[in-house]
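Structure, as structure tokens:
Numbers for residues simply follow the sequence, beginning at 1.
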Amino acid sequence: MAPKETRSTCPYCGVGCGVLIASEHGQIVGVRGDPDHPANHGRLCSKGASLHLTATPALTRATRLLQPQRRLVRGGSLQPMPWGDALQWASHTFASVIRADGPDAVGFYVSGQLLTEDYYVFNKLVKGLIGTNNIDTNSRLCMSSAVAGYKLTLGADAPPACYDDVQHAQCLFIAGSNAAHAHPVLFRRIEEARAQNPELKIIVADPRRTDTASCADLHLPLQPGTDVMLFHGLLHIMLWEGWTRPGYIEAHTEGFEALKTVVRECTPEKVARFCGLRVEDLLQAARWFATSSATLSLYCQGLNQSSSGTAKNAALINLHLATGQIGKPGAGPFSLTGQPNAMGGREVGGLANLLSAHRDLANPAHRSEVAALWGLPSVPATPGKTAVEMFQAAADGEIKALWIACTNPAQSMPDQATVRRALERAEFVVVQEAFADTSTTAFADLLLPATTWGEKEGTVTNSERRITRVRAAVPPPGQARHDWRIAVDFGRLLENEPGVRAKGIAHSLFPYETPESVWLEHRESTRGRDLDITGLSYAALEAAPQQWPFPEGASQGRPRLYEDGRFPTPSGRARFAAVTPAPLAEARESRYPFSLNTGRLRDQWHGMSRTGWIGRLFGHVPEPVVQVHPQDMVRHGWQEGDLVHLTSKRGSIVVPVQSSAELGLSQAFMGMHWGSEFLSGRQHNGQALAGVNALTTSAYCPSSKQPELKHAAVKILKAELPWKLLALSWLPDEQAAEALPRLRRLMPLFEFATCVPFGQARSGVLFRAASAEPVSDSLVAEVADILNLSDSDVLHYTDRKRGQRRSMRMQRSGEVSHLEGFLLAGDIGAEAWIKSLLQESLPAQAYGRQLLSPGSKAPAGVVPLCKTVCSCVGVREDAIQAHLKAIAPGELAPEAAVASLKTNLGCGTQCGSCVPELQRLARLAEPSFTL
């Protein structure tokens, strides 16, 4: 009997891909893209295609939070407790804080990965029952500048374009987005559009030459933070050349004269110097953008995560308004959402400055409407603490109790020193989470187990305003509960605590028994609003995903907005924003001469609480590194893999350095995902290193309150840590999952340590560490024991005087032996070839003596591994390079070379996430290749 398939969505980026989850006997056994979902038409990225691997019974037992647990003392062990007792404790404690210090002494920090129904209940709980606006979300780190930019210019938080516009566009302007890695399924559409329309022009504005930029007709490698000047410079050229649309400006906009005054001084020569660009490239970009019959902008965190994020968004939208590139097929400013339901959270008002259905907290009429809907005399008027402000307030003792749901601020928030001080100082911390071992769960007084992907029921909204029903494929494991249910149960207890419920209110604010009952109230809140969905129902969404607005009586949603030139502003006109360029919050200077940019890796997601257990997703970027320009490597005398101190004004980490031609001089890049679960060590003050966000700044945009995660001034100095340790081991699936958290607890005992999974078809664990002096034998032995490298059949070599040790676990099958695990301590120079033996499962019987002998010389025929380019099929870069050399160099165009790679090696034939890299390798393989 074939497994049952259940329709749901992918829990990663905001593209909102539909998935079909295969399950049998209550377990998820497979996943594939939903061919009928209009967001992805059956496609999935490498992460989405691996979703079923994150839900195996072995990983569920090893990684999931399966029952409520409490700590009697901070830093102590966790003790299980019944759900009733857990919620009563939480209710009593929050009520005590509210009575003693007022409602603003509590804060709720939630997530763009919650479903809309979850979000709605939390928003009502905090703003309706408790009477504070101290609820914010990790979407603040992701999309709040896009929200503020849309509202400032177009009047509402409503992306005006849709995915189909990619096929209609004649010019794509991609700014601050490496869509090839961050939104791979959408990038497949871009590749298809180019194949169908060779005249399509693609411009990419990004400081790095990413895989997205390498596919562009024109790359604008602007200096970090200069986006507003770039956009103003383009508008200056458009005005000078007569490429604007005066008729559209006159009929549908206001404020253009003030903007013209600002951009008058932004001459091409000045902008070129300021941004580090060529004048001729500015002219070309302006020409293509303005004169194309349809220009679509795609943008993401490069604009949003900035201390001037709202200005960057608005300045780009100005270009669309000035050229009439909006409200028609293939045109418009399209913000790419970073999370699966960041849009849903915005719709229900789940941020500290918003109310339900895109209502503004500052508007008395809007507050009255929400109060009437909820049956309350009023809702609070004072804006709540946004994400950065909330944790700063907790660190200062102003917020006493924190409730954190479905997010990991001890990894993802900037300025980790402040965040961790907040979590330590808060009197009571509740963490509502699916996964047991995130950085944040270590700070919790109370842990509440929540459901996650494959188990949840409700709705989400993607970047193109499309609402999709999410359906549960399997029952929750253990005692896990749905997020909305936890909030409802807690709210019912809290509203009966003395001094919490508003006077004169007899009814419960939480009458919900199903997610649909929550959604129906949310639906009613949208009546007459820009996102009106009163024409929808759960039954309609069961039939097909739908875009808003979809008011009562409508037969379909609206694919694109503002086609009639009317905007949701008091005048009905769009507003030009006369924003001025502002400097970075933290400029480079002599003490901190590098610009650190953090961003997404192709095969990972956020803090990796889900993807971080799957070895195949570490093939492309196996371990944490910081990348710098090759000339900077030479100038500072660094070698590939050297450990360096990466230091900002807020903190320091130790990480390997790697050269990358994608970067400009004095620039550095590091994946945003590397938190203390994967990269740690011991600081000089004895504190554990806190991952990449120990370095980032909490300085934020004054309008959106979104922090500048995209830039921090840093210095990079070589780390003198001569004693090193490396251990890799194949393990049974469940043992590998159990080994990772055990090893991570040892990481702070070294001055540098990283711990990651590896393996395509098998489960492996890699542990790497370094210290100034050899560590104790007992600590090395503990690492070896966790990785099955201390058994009696393991071969050992030890030189205690020099701090040297080698351990090799072999497995014999007939006449052939294979290396199943190894540990190198002290001298790890043989790492490259010994890793190849293990990870490629090469015959190792001839190398017994050499495996145990000091030294690094590789045996003949054993070559170091290259990185994996195709995670789905497991194709490495060396195999790709060899094939490209073999297929008649110079005779095939890159497209034909990529087709040959797909046919012969299988790479790029599954999810397609690796195709941009295949194209880049094909272009680099032979100078005669041209686009």
Considering all heavy atoms of both residues, which atom of [X] and which atom of [Y] are nearest to each other, and what is their separation?
X    : Y    : answer
G345 : L351 : O-CD1, 4.3 Å
L115 : D118 : N-OD2, 2.9 Å
D530 : A158 : OD2-CB, 4.1 Å
V419 : P414 : CG2-O, 3.6 Å
A322 : L235 : CB-CD1, 3.7 Å
F231 : L319 : O-CD2, 3.4 Å

For the residue pair [X] and [Y], confirm or rule out a side-chain donor-acceptor distance under 3.5 Å.
X    : Y    : value
D211 : H181 : yes
T137 : Y119 : yes
S111 : T407 : no
N341 : T116 : yes

Take R465 and L561 through the side-chain contact (heavy atoms from CB on, under 4.5 Å) test and state the conclusion after the steps.
CA-CA 11 Å; R465 298 171 281 105; L561 306 179; 3.8 Å; yes
Checking the side chain of [X] only, and the main-chain atoms of [Y] only, is there a donor and an acceptor separated by less than 3.5 Å?
X    : Y    : result
Y150 : S335 : yes
K710 : T598 : yes
T295 : S292 : no
E708 : T697 : no
N304 : S145 : no
H366 : D360 : yes
S139 : C142 : no
D281 : R278 : no
H252 : A574 : no
D136 : A387 : yes

Can you tell me how far [atom2] of [Y] sits from [atom1] of [X], rounded to the nearest 0.5 angstrom?
X    : Y    : atom1 : atom2 : result
N597 : L663 : CG    : CG    : 8.0 Å
N313 : M143 : CG    : CE    : 8.0 Å
L321 : E254 : CG    : CD    : 10.5 Å
C300 : N178 : SG    : CG    : 10.0 Å
L172 : L200 : CG    : CG    : 5.0 Å
D206 : H219 : CG    : NE2   : 5.5 Å

Note, [X] side chain near [Y] side chain (heavy atom, < 4.5 Å):
X    : Y    : answer
L298 : S177 : no
F576 : I249 : yes
F594 : S648 : no
R359 : S525 : yes
S144 : K705 : no
N693 : L709 : yes
H606 : Q339 : yes
S306 : H711 : no

What residues form a side chain to side chain contact (heavy atoms under 4.5 Å, CB included) with A285, not counting sequence neighbours?
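By the side chain to side chain contact (heavy atoms under 4.5 Å, CB included) rule, A285 matches I203, L218, L220, L234.
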List the residues meeting side chain to side chain contact (heavy atoms under 4.5 Å, CB included) with K270, not counting sequence neighbours, and say none if there are none.
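Listed in chain order: M229, E265, T267, R273.
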Hey, mind stepping through Y163 and F334 against ring pair (Phe, Tyr, Trp, His ring centres under 6.0 Å) and telling me if it holds?
CA-CA 9 Å; Y163 297 148; F334 194 0; 5.7 Å; yes
Relative to the ring of W240, is the ring of H236 parallel (under 30°), tilted (30 to 60°) or perpendicular (over 60°)?
parallel
Quick one: which residue pairs count as a salt bridge (Lys or Arg N to Asp or Glu O under 4.0 Å) with a foot in residues 155-172, not counting sequence neighbours?
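Pairs touching residues 155-172 that pass the test: D157-R346, D164-R189, D165-R560.
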Check against side-chain contact (heavy atoms from CB on, under 4.5 Å), I135 and K127:
CA-CA 8 Å; I135 177 170; K127 294 173 182 173; 3.5 Å; yes
Assess whether ring pair (Phe, Tyr, Trp, His ring centres under 6.0 Å) is satisfied between H320 and F289, documenting all intermediate values.
CA-CA 9 Å; H320 283 272; F289 189 111; 5.0 Å; yes
Within 6.0 Å of [atom1] in [X], more than 12 heavy atoms from elsewhere:
X    : atom1 : answer
E280 : CD    : yes
R558 : CZ    : no
K385 : NZ    : no

Hey, mind stepping through W605 and C13 against side-chain contact (heavy atoms from CB on, under 4.5 Å) and telling me if it holds?
CA-CA 8 Å; W605 172 250; C13 77; 4.2 Å; yes
Apply side-chain contact (heavy atoms from CB on, under 4.5 Å) to residues E347 and H358 and explain how you reach the verdict.
CA-CA 6 Å; E347 291 162 10; H358 289 178; 4.3 Å; yes
D217 and its side chain to side chain donor-acceptor pair (under 3.5 Å) partner, picked from R194, Q284, K201:
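So the option named by the test is R194.
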